[in-house]
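Take a look at the structure set out below.
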2 protein chains.
Amino acid sequence: MASRAKATILDIAREAGVSKSTVSLVLQGSGLIRPETATRVRKAIEDVGYVYNRGAANLRKAHSNVIGMVINDLTNPFFAELAVGMERVFQAAGVVPFIANTAENPVRQEEVLKSLMEQGVAGLIVSPARGTTPGAFRRIEAAGVPIAFTMRRLPESRIPVIAPDNHRGAVLATEHLIRRGHRRPAFFGGSSDLVVYHQRLGGFLTACETLGIPASDRLIVEGETSRKGGMACLETALATTQPPTAALCFNDAVAFGAMLALRKRGLEAGTDFAVVGFDDVAEAEHYSPALTSVAVDTAGLGERAAHVMLKMIQSRTTRAEDHIGAVSLVVRESSGPDRNSQLGDAA
Amino acid sequence: MASRAKATILDIAREAGVSKSTVSLVLQGSGLIRPETATRVRKAIEDVGYVYNRGAANLRKAHSNVIGMVINDLTNPFFAELAVGMERVFQAAGVVPFIANTAENPVRQEEVLKSLMEQGVAGLIVSPARGTTPGAFRRIEAAGVPIAFTMRRLPESRIPVIAPDNHRGAVLATEHLIRRGHRRPAFFGGSSDLVVYHQRLGGFLTACETLGIPASDRLIVEGETSRKGGMACLETALATTQPPTAALCFNDAVAFGAMLALRKRGLEAGTDFAVVGFDDVAEAEHYSPALTSVAVDTAGLGERAAHVMLKMIQSRTTRAEDHIGAVSLVVRESSGPDRNSQLGDAA
DNA sequence: CTGAAAGCGCTTACAG
DNA sequence: CTGAAAGCGCTTACAG
């Protein structure tokens, strides 16, 4: 039991009095083996303290059951929720995904991807780090390993992506703000090196157009996609000559930052300045004031991404259709009406 | 380049006009190979689109460079921060850790551990799921694979633990509350199946003894270690005939829950009821009111755990000393004085 | 239903 | 400094 030398199927075969082929068949759950034999083999497996060597098996089989999940920022609860959704379906399918964090660093991402490939992954689900070069996945694609992007996409890539309807979400949120009387809306956070940024900002602009907010009355403040970034955006916005009265934020982290900066100035989100987030992380509901946010069905997106990957692997293809998930606006306290406006919510 | 059949070292050897031994040596960065030869080989590696097969290598080498990190709850930002600390040192050491989430489920943990073992990990860092049985790691220990626990420990286990000084942290926090005039302190959240619970509760009780709070004036409310648990604890506490005026919470999540429940009743943490958390997650500082909490140097603990593991692997041992990390109390707004008391903070 | 044999892609002594 | 050969622990046809 406590033997240091690892037991192999040969040890099991000896113990059970069969050939190693038989052991292998039992290990794979083949129906070819007589039940009594299988039972005997299984007992031997226990007795010798056997640990299956997947590396050796993959060497021969040339297909593995490990899937890599490459996440750009694991400390953002949003991605943790996403990962949990994926894990749920992988678990049901009998594969254990390995999660790797790139911390938004393309170099780190390169290493992580390399390591996962060396480990012989059957597929890769990745939310690419900011600043990922278009060619970063060329080698993996060439090797025929299926990849799916989640949440983020790369420009000019043919890799399938599973993401929420960012444009629509931003439209919903912006219309909500405008209908509540905010005629000087702002867009906080994010930057143009992210495709998602263009989608969300695009929705913001579309809604402004539709509801007649002239370009001169819109404020766009780029910034980090974090609390810190949100704080900076708010400061910048309030320092303008004609400050906005409301902001759609790139994501919830930015929104939390903006709310924090408001409070530091003695202002309150919802009454003094309207704030809307994006993603609707679990925390949004519990914040004070509770954050109005665009819900993207995070876990559902994760599950979908996992299913797409499973299907790609099974059908031995590297192509799949994009999936754009439905979004909805969850109105809470942080997006009150403009106090100087006559309008209520005319939705 | 886009060839589907995977290139092997034999293909490289052919391309470069050397033997496969030479290729292998180049791959391992051996100094034995003439620089010109190495360069030629490296070019061939690029040309054939080679992906190193770590499984095959491990088969022969019998030691791998993959380390598994098994986390009980990845959606808790505390564990995400911990994981990031570990990753930092592993990255520097050239090993890519794979993270697996058990979602506080011992069965899931079993699967994850099995899969990691099959993958041939060199070592395992784990924060065990609640309800893990004492024998859960027996097989892994028998196989000679080093394990280190982080944050949590199992009763009667000889596996080294890297954790903060829970007792001391609870003493500090409780003394702080009592010195601020709270003579009826409570302990919120957690339950006795967690060793950590006993440590933190023990610190609470020690401080109560020391500062003369009789047992009849202390309230202990067990509960889930989540926001939800914290909300329930507060409700329970306020429903007693002589409610406490302050609470040390098992962790920050419980504290956030308690603060939330206070607000729902129109009360404010810090002025109406003092709340202290444990862990000092990044969010604590940004909460409103900002949460007083026991800082455990999360990232530092993660780094330490990684170093311990690296050393165990290197010295081929499964034993190491426990590491108990220093803690400190970060006083913020949530732990104001008892409004009915005459005392200020006499620290 | 079970066994003997070949081979997956690497590394490691051992020669030279 | 480089090559030929054995072997790591499995799976997979192929016989029987």
Side-chain angles (χ1 to χ4, degrees), chain A residues 3-42 44-45 48-66 114-115 117-122 143, chain B residues 3-42 44-45 48-66 114-115 117-122 143:
Chain A
S3 69
R4 196 54 75 82
K6 277 191 260 188
T8 73
I9 55 169
L10 251 166
D11 298 304
I12 301 169
R14 200 177 305 123
E15 183 82 11
V18 297
S19 80
K20 63 179 181 151
S21 310
T22 305
V23 175
S24 178
L25 259 11
V26 171
L27 247 18
Q28 295 170 80
S30 162
L32 293 176
I33 308 295
R34 195 158 22 120
E36 302 86 83
T37 311
T39 305
R40 194 147 38 91
V41 170
R42 264 188 279 273
I45 287 173
V48 301
Y50 175 72
V51 175
Y52 185 70
N53 184 332
R54 199 163 287 280
N58 287 345
L59 195 52
R60 196 64 175 88
K61 285 201 301 189
H63 79 259
S64 88
N65 80 331
V66 356
K114 180 158 176 268
S115 182
M117 285 297 287
E118 292 182 359
Q119 215 60 230
V121 291
Chain B
S3 69
R4 197 52 76 83
K6 277 192 260 190
T8 74
I9 54 169
L10 251 167
D11 298 305
I12 300 169
R14 200 177 304 121
E15 183 82 11
V18 296
S19 80
K20 64 180 179 148
S21 311
T22 304
V23 175
S24 178
L25 258 12
V26 171
L27 247 19
Q28 295 172 77
S30 162
L32 292 175
I33 307 296
R34 203 169 5 135
E36 301 86 81
T37 311
T39 306
R40 193 147 41 90
V41 170
R42 263 188 279 272
I45 288 173
V48 301
Y50 175 71
V51 174
Y52 186 70
N53 184 331
R54 200 163 286 280
N58 288 344
L59 194 51
R60 195 65 175 85
K61 284 201 301 191
H63 79 259
S64 87
N65 80 332
V66 355
K114 179 157 177 268
S115 182
M117 285 297 287
E118 293 181 358
Q119 216 59 231
V121 291

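Each chain gets a letter, A, B and so on, in the order the sequences are listed, and its residues count up from 1.
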### Query
So do A/I9 and A/Y50 actually touch side chain to side chain, heavy atoms under 4.5 Å?
yes
### Task
List for me each residue that meets side chain to side chain donor-acceptor pair (under 3.5 Å) alongside B/S19, sequence neighbours excluded, and say none if there are none.
B/T22
### Message
Please enumerate all residues that pass side chain to side chain contact (heavy atoms under 4.5 Å, CB included) together with B/V51, with sequence neighbours excluded.
### Response
A/M117
### Message
Going by side chain to side chain donor-acceptor pair (under 3.5 Å), name the residues that satisfy it together with B/N53, two or more places apart in sequence or in a different chain.
### Response
none
### Query
How long is the span from the CD1 atom in B/I45 to the OH atom in B/Y52, to the nearest 0.5 Å?
11.0 Å
### Message
Identify the stems formed by DNA chain D, where each pair is Watson-Crick or G-U wobble with both distances under 3.5 angstrom and a stem is at least 3 consecutive pairs.
### Response
C:1-3 with D:14-16, C:5-12 with D:5-12, C:14-16 with D:1-3
### Any A/T22 side-chain N or O less than 4.0 Å from OP1/OP2 of C/dT2
no
## Note on the structure
Between the CG atom in B/N58 and the CD atom in B/Q119, the distance rounded to the nearest 0.5 Å is 9.5 Å
#### Entry: Strand-adjacent residues in residues 29-38 of chain A, judged by heavy atoms under 4.0 Å from DNA chain D
none
### Message
Applying salt bridge (charged side-chain N to carboxylate O under 4.0 Å, His left out) as the test, list every pair that has at least one member in residues 10-30 of chain B; sequence neighbours left out.
### Response
B/D11-B/R14
### Query
Over how many whole Å does the gap from A/L10 atom CG to D/dC8 atom P extend?
9 Å
#### Entry: Nearest-angstrom distance from the residue atom CG of A/L59 to C1' of D/dG7
12 Å
### Query
Over how many whole Å does the gap from B/I45 atom CD1 to C/dG9 atom P extend?
16 Å
### Task
Provide, to the nearest angstrom, the distance between the CZ atom belonging to A/R14 and the C1' atom belonging to C/dG3.
16 Å
### Message
Each nucleotide in nucleotides 11-16 of chain C should get exactly one letter: B, S or -. Can you fill that in based on protein heavy atoms under 4.0 Å?
### Response
BB----
### Task
Answer yes or no: does a side-chain N or O of A/T8 lie under 4.0 Å from OP1 or OP2 of D/dG9?
no
### Task
Rounded to the nearest angstrom, tell me the gap between atom CG in B/D11 and atom P in C/dC8.
11 Å
### Rounded interatomic separation in angstrom, taking CG from A/N65 and P from D/dC10
15 Å
Which side-chain N or O atoms in residues 23-40 of chain A pair as donor and acceptor under 3.5 Å with protein atoms at least two apart or in another chain?
from: A/S24; atom 1: OG; to: A/Q28; atom 2: NE2; distance (Å): 3.0
from: A/Q28; atom 1: NE2; to: A/S24; atom 2: O; distance (Å): 3.1
from: A/S30; atom 1: OG; to: A/L32; atom 2: N; distance (Å): 3.0
from: A/T39; atom 1: OG1; to: A/P35; atom 2: O; distance (Å): 2.9
from: A/R40; atom 1: NH1; to: A/A16; atom 2: O; distance (Å): 2.5

